[in-house]
Amino acid sequence: MADRLTGERLVDDMTVEEKGRAALVEQVLPALRAHAEAADRDGVFPLSHIGLLRDAGLMGLIVPEEYGGLGGTLRDLAAATYAMGTACPSTALAYFFHNTSASRGLLPLEAIEARLFTDDETPVVRAFAEKVLRLMSGGTWLANFASESVKSSSANIAIATTAVPVDGGWKLTGEKSFGCATGVADYYLVTARLDGSENADGLVMFLVPREAPGVSERPKWDGLGMRGSANHGIKLDGVFIPHEDALTVPGAFVKMLQCSRGSFVGNQLAITAVYVGAAQGVYDDTLERLTRKTFADTGRSIAESPMHQVIIGDMTERLETAYLWLRRQLLIETCEPPIATKSEVYAQWRIAKGSICEAAFDVAMGAFKASGTSQATMNGIVGRAVRDLAMGLVMTFPPERGRLEAASVVTSNKANELFASVKQ
């Protein structure tokens with residue numbers, strides 16, 4: 001349908017309210033598309049996009065209306081990052097990470113409703129959660145920093161950034177290796193650990209102003225992936241954060257995650273929607289270009305040649321595979337009542353992330369092969385898509401690690417079932 005919103009290509013059963021929010025996203029796509037090539041070429045986030053998204057009211061897309069937001073859900077976010085991914089994947093990725101910050105507001109409030117905090121802890125937790133949400137709905141850009149340069153063999157994300165108590169607040173020291181909107185966001189939402197803590201109960205969170213003394217940017221890197229997302233990361237050297245900008249209640253992070261269907265970052269499947277959007281973009285461009293281009297001797301469309309038909313068929317299958325995995329994950333993370341346990345959702349995600357990103361990358365490689373040497377350039381939609389979608393194979397965790405962890409969950413659950421049946 002010609003008048004269908006871009007986001008409806010992914011979320012094809014939108015409600016009237018969801019269509020209204022998707023229409024706001026649709027309005028910004030032309031500007032995002034116009035700056036995509038320059039953002040990739042220069043490796044710089046287009047600063048004009050901050051005002052563009054703020055003026056469109058999209059900074060609070062998934063913030064509840066009672067806190068000034070649009071009241072969207074993960075379905076809205078997936079549709080938005082997908083649609084933006086068809087236009088400028090770099091901006092879509094940065095926008096995704098801004099929205100993951102909402103989980104640091106929404107999950108603490110859910111944990112309060114579940115009575116996981118004491119009466120003394122509740123006001124502190126509520127104040128921080130509501131501050132995050134109101135900042136977002138008010139147009140403040142938040143960059144969610146969890147990943148670090150320190151890695152662990154037993155975890156995807158190891159938190160080495162430390163928080164030391166001082167008069168009036170805390171001092172943070174550490175280095176965050178990946179987080180979009182470095183030098184762009186108004187605040188960095190930083191996950192750290194209390195100095196001396198050795199388990200997840202010591203994980204804490206801080207709102208760090210971009211210009212705070214002791215905050216600096218890591219060197220920019222000339223990498224693959226979505227080069228205009230400003231993802232080079234930050235260094236924190238004794239950065240002072242007052243108590244009112246901190247959530248340091250012991251165990252708060254663990255209690256938050258007990259209320260989550262998904263992952264450590266929050267709304268994480270929407271990151272793969274960026275990759276599917278980029279894959280759809282290069283698929284559409286390739287198909288249209290090859291259909292319009294004709295052979296000089298026969299006048300027939302190049303897309304009709306046997307070789308191109310095979311490649312296009314493969315691209316179509318891989319694109320549909322990405323959609324199937326993503327839609328299934330979206331279903332089990334959003335449907336009410338839930339149809340899967342938290343463990344099942346987690347295991348499914350570990351497989352889905354890699355499968356989606358592999359399929360999306362295969363679409364880009366098909367476009368590259370079908371387009372030939374004329375499109376084998378660093379600029380242009382095909383060359384950009386190959387590099388953008390390659391990053392999905394390694395970001396957060398590669399497909400092989402996801403499948404390994406999913407297998408571990410599945411076999412552990414099965415072993416527990418068998419043990420339980422033996423005891424009965």
Enquirer: Under the ring pair (Phe, Tyr, Trp, His ring centres under 6.0 Å) test, which residues partner Phe361, sequence neighbours left out?
Expert: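 Applying ring pair (Phe, Tyr, Trp, His ring centres under 6.0 Å) to Phe361 gives none.
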Enquirer: Applying side-chain contact (heavy atoms from CB on, under 4.5 Å) to Leu389 and Val363, what does each step give before you reach the verdict?
Expert: CA-CA 9 Å; Leu389 293 170; Val363 173; 5.6 Å; no
Enquirer: Where is the tightest heavy-atom contact between Gly69 and Ser137, given as atom of each residue plus distance?
Expert: N-CB, 3.6 Å
Enquirer: Rounded to the nearest 0.5 Å, how far apart are CG of Asn231 and CE of Met395?
Expert: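 One gets 8.5 Å once the value is rounded to the nearest 0.5 Å.
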Enquirer: Judged by atom type as modelled, is there a donor-acceptor pair below 3.5 Å linking the side chain of Arg134 to the main-chain atoms of Gly68?
Expert: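 Looks like no, no N/O pair under 3.5 Å.
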Enquirer: Quick check, are the ring centers of His232 and Trp221 under 6.0 angstrom apart?
Expert: no
Enquirer: Counting only N and O atoms by type, is there a donor-acceptor contact under 3.5 Å from the side chain of Glu8 to the main-chain atoms of Asp13?
Expert: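 No: the side chain of Glu8 does not pair with the backbone of Asp13.
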Enquirer: As a quick check of understanding, evaluate side chain to side chain donor-acceptor pair (under 3.5 Å) for Gln268 and Thr100, giving each step before the final call.
Expert: CA-CA 7 Å; Gln268 199 167 6; Thr100 63; over 6 Å; no
Enquirer: Measure from the side-chain N and O atoms of Arg350 to the backbone N and O of Gly402, and report whether any donor-acceptor pair falls under 3.5 Å.
Expert: no
Enquirer: Minimum heavy-atom separation for Leu142 and Ser101, please, with both atom names.
Expert: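 Looks like CB-OG, 3.5 Å.
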Enquirer: How about Phe368: does its CZ atom have over 12 heavy atoms from other parts shown lying under 6.0 Å from it?
Expert: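 At most 12 heavy atoms, drawn from other residues, nucleotides or ligands, come within 6.0 Å of this atom.
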Enquirer: Taking all non-hydrogen atoms of both residues into account, name the closest pair between Thr81 and Ala270 and its distance.
Expert: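 Looking at all heavy atoms of both residues, the closest pair is OG1-O, 2.9 Å.
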Enquirer: Are there more than 12 heavy atoms of other residues, nucleotides or ligands under 6.0 Å from atom CE of Met378?
Expert: no
Enquirer: Check whether Tyr188 reaches the backbone of Gly183 with its side chain - one donor and one acceptor, N or O, closer than 3.5 Å.
Expert: yes
Enquirer: Taking all non-hydrogen atoms of both residues into account, name the closest pair between Ala94 and Trp141 and its distance.
Expert: O-CZ2, 3.6 Å
Enquirer: My understanding is that only one of Arg289, Lys293, His308 makes a side chain to side chain donor-acceptor pair (under 3.5 Å) with Ser371; could you say which?
Expert: Arg289
Enquirer: If I compare all heavy atoms of Ala364 with all of Val282, which pair ends up nearest, and what's the gap?
Expert: CA-CG1, 4.3 Å
Enquirer: Contact between Ile50 and Phe45 at the side-chain level, heavy atoms closer than 4.5 Å - yes or no?
Expert: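 Heavy-atom side-chain distance check passes, below 4.5 Å.
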Enquirer: Can you check whether Leu116's main-chain N or O pairs, donor with acceptor, with Lys255's side chain at less than 3.5 Å?
Expert: yes
Enquirer: Distance-only, no hydrogens or angles: does the Lys353 side chain make a donor-acceptor pair with backbone N or O of Phe397 under 3.5 Å?
Expert: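 Looks like yes, one N/O pair under 3.5 Å.
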Enquirer: At their closest point, which heavy atom of Ala370 faces which heavy atom of Thr286, and how far apart are they?
Expert: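 Scanning both residues, the minimum pair turns out to be CB-CG2, 4.4 Å.
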Enquirer: Are the charged groups of Glu17 and Arg21 less than 4.0 angstrom apart, N to O?
Expert: no
Enquirer: Do Ile159 and Leu203 have side chains that get closer than 4.5 Å, going by heavy atoms?
Expert: yes
Enquirer: Please list all pairs passing the salt bridge (Lys or Arg N to Asp or Glu O under 4.0 Å) test where one or both residues lie in residues 354-377, with sequence neighbours left out.
Expert: Arg318-Asp362, Glu358-Arg403
Enquirer: Is there side-chain contact between Thr162 and Arg193, with at least one heavy-atom pair below 4.5 Å?
Expert: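 Yes; the side chains approach each other to less than 4.5 Å.
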Enquirer: For the backbone of Thr191 and the side chain of Lys176, can you confirm whether one donor and one acceptor N or O come within less than 3.5 Å of each other?
Expert: yes
Enquirer: Is there a side-chain contact between Arg126 and Ile112 in this structure, where contact means two heavy atoms from C-beta onward sitting under 4.5 Å apart?
Expert: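 Side-chain contact under 4.5 Å: yes.
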Enquirer: Any side-chain to backbone donor/acceptor pair from Thr182 onto Gly233? Under 3.5 Å, distance only.
Expert: yes
Enquirer: Are any of the side-chain heavy atoms of Ile241 and Val190 separated by less than 4.5 Å?
Expert: no
